[in-house]
Amino acid sequence: MVPPQGNFPDFLLQLSDDLGSSVALAAQTPSNQLAAGIEQLPASVGTQRRLRALADGAPDARQDLAKDLHSYFDTCLSEWWPKIQAQAAADRALRAETLLRGGTDGLLATLGSRWRWEAPTLHIPCAGTSDIEVPLCGRGLVLVPSYFGGPALMYRPEASTVLVYPMHVGEPAIGSADALGPLLGRTRAAVLAATRHPANTTTIAERVGVSLPSASQHTTVLRNAGLITTTRTGGAVLHTLSPLGQALLHGDSTRR
């Protein structure tokens, strides 16, 4: 039901806080919405017997959908889920910081590297097709970060439009035990402590009371030592504690 290119059924995109609720909502989708979603699939896919039964709203097909979604998660995603959740949290913090400092214009202008925000329309380029245009006309826009891809758009007649966008994955930490040597020092320890709550370099400089170049230098050392991670979106950055940084900051000698 999720082809390599093109649309996928809207009922697979459920806005819920956990997997169980999302799967239950998908399985409870009204029959007319199930049929509409399946009808938009390529003919070679949409005509499969199991999908036709689901399009008809058959109870057994709904149960199979729920089982298949749980099975897919268990076999393909569960191992990655903690990492995905951590990256999503970092992305949300970055978006919140961007919204706070740059307003709605700053947030929408930095969602994608090639996306264009020309108020009141967000232009999203798509390979092989014309740009997707997302007009903001007072209906509201729900932003959903995706670890694996995007964009995807879902219009809802009675609710806000949903836009799935590719989240920006933090840079992998590099370094070794030798890189921990520069951490000795009060200023760098204060910079590490300042990232208890995700922040950009400017905010960290303000929290610690140092210059922006100094804060940038310290965050670079901390990132190379594997103590923080940095997420970048255009010219905006967000620094967050890594698990190792949390352990060091909290004095947990049992974690490595």
Side-chain angles (χ1 to χ4, degrees), residues 1-2 5-26 29 33 37 40 69 73 77 80-127 129-171 197-200 202-203 229-240:
M1 287 190 289
V2 182
Q5 293 183 337
N7 297 325
F8 64 89
D10 286 347
F11 61 79
L12 291 179
L13 179 57
Q14 297 293 337
L15 305 183
S16 182
D17 293 333
D18 59 84
L19 176 68
S21 298
S22 298
V23 170
L25 289 171
T29 302
Q33 295 180 24
Q40 69 182 353
L69 288 172
F73 177 86
L77 297 178
W80 294 86
W81 199 241
K83 181 178 181 180
I84 293 171
Q85 289 179 306
Q87 296 292 355
D91 186 272
R92 285 195 300 270
L94 174 63
R95 305 304 170 185
E97 183 80 18
T98 304
L99 181 62
L100 176 64
R101 295 185 174 273
T104 303
D105 288 337
L107 174 64
L108 295 176
T110 57
L111 277 179
S113 59
R114 297 175 55 233
W115 298 13
R116 291 183 295 107
W117 166 239
E118 298 175 348
T121 303
L122 180 63
H123 302 269
I124 304 175
C126 290
T129 63
S130 57
D131 289 2
I132 296 176
E133 296 188 350
V134 186
L136 272 69
C137 304
R139 297 178 53 191
L141 183 67
V142 178
L143 298 175
V144 180
S146 172
Y147 187 83
F148 294 102
L153 194 65
M154 181 173 70
Y155 289 104
R156 302 183 295 174
E158 304 300 328
S160 301
T161 299
V162 178
L163 173 61
V164 178
Y165 66 92
M167 72 172 69
H168 290 269
V169 177
E171 296 178 352
H197 302 289
N200 62 18
T202 300
T203 300
T229 60
T230 299
T231 303
R232 302 182 185 274
T233 303
V237 299
L238 189 76
H239 306 292
T240 58

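Computed from a prediction, not measured in an experiment: that's the story for all the values here.
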| Once the angle between the rings of Trp81 and Phe73 is folded into 0 to 90°, is it parallel (under 30°), tilted (30 to 60°) or perpendicular (over 60°)? | perpendicular
Close side-chain approach of [X] and [Y], heavy atoms under 4.5 Å:
X: Thr104; Y: Leu99; result: yes
X: Arg95; Y: Leu143; result: no
X: Leu163; Y: Leu111; result: yes
X: Trp115; Y: Pro125; result: yes
X: Leu141; Y: Leu108; result: yes

Looking at every heavy atom in both [X] and [Y], which two are closest together, and how far apart are they?
X: Tyr147; Y: Lys83; answer: OH-CE, 3.3 Å
X: Phe11; Y: Met1; answer: CZ-SD, 3.9 Å
X: Gln14; Y: Leu25; answer: OE1-CB, 3.5 Å
X: Val164; Y: Ser146; answer: CG1-CB, 3.5 Å

Donor-acceptor pair, side chain of [X] and main chain of [Y], under 3.5 angstrom:
X: Arg139; Y: Arg156; value: yes
X: Thr121; Y: Val134; value: no
X: Gln40; Y: Phe8; value: yes

| field | Those residues that, when tested against Asp18, pass side-chain hydrogen bond (donor to acceptor under 3.5 Å, both in side chains) (two or more places apart) | value |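 Here the qualifying residues are Ser21.
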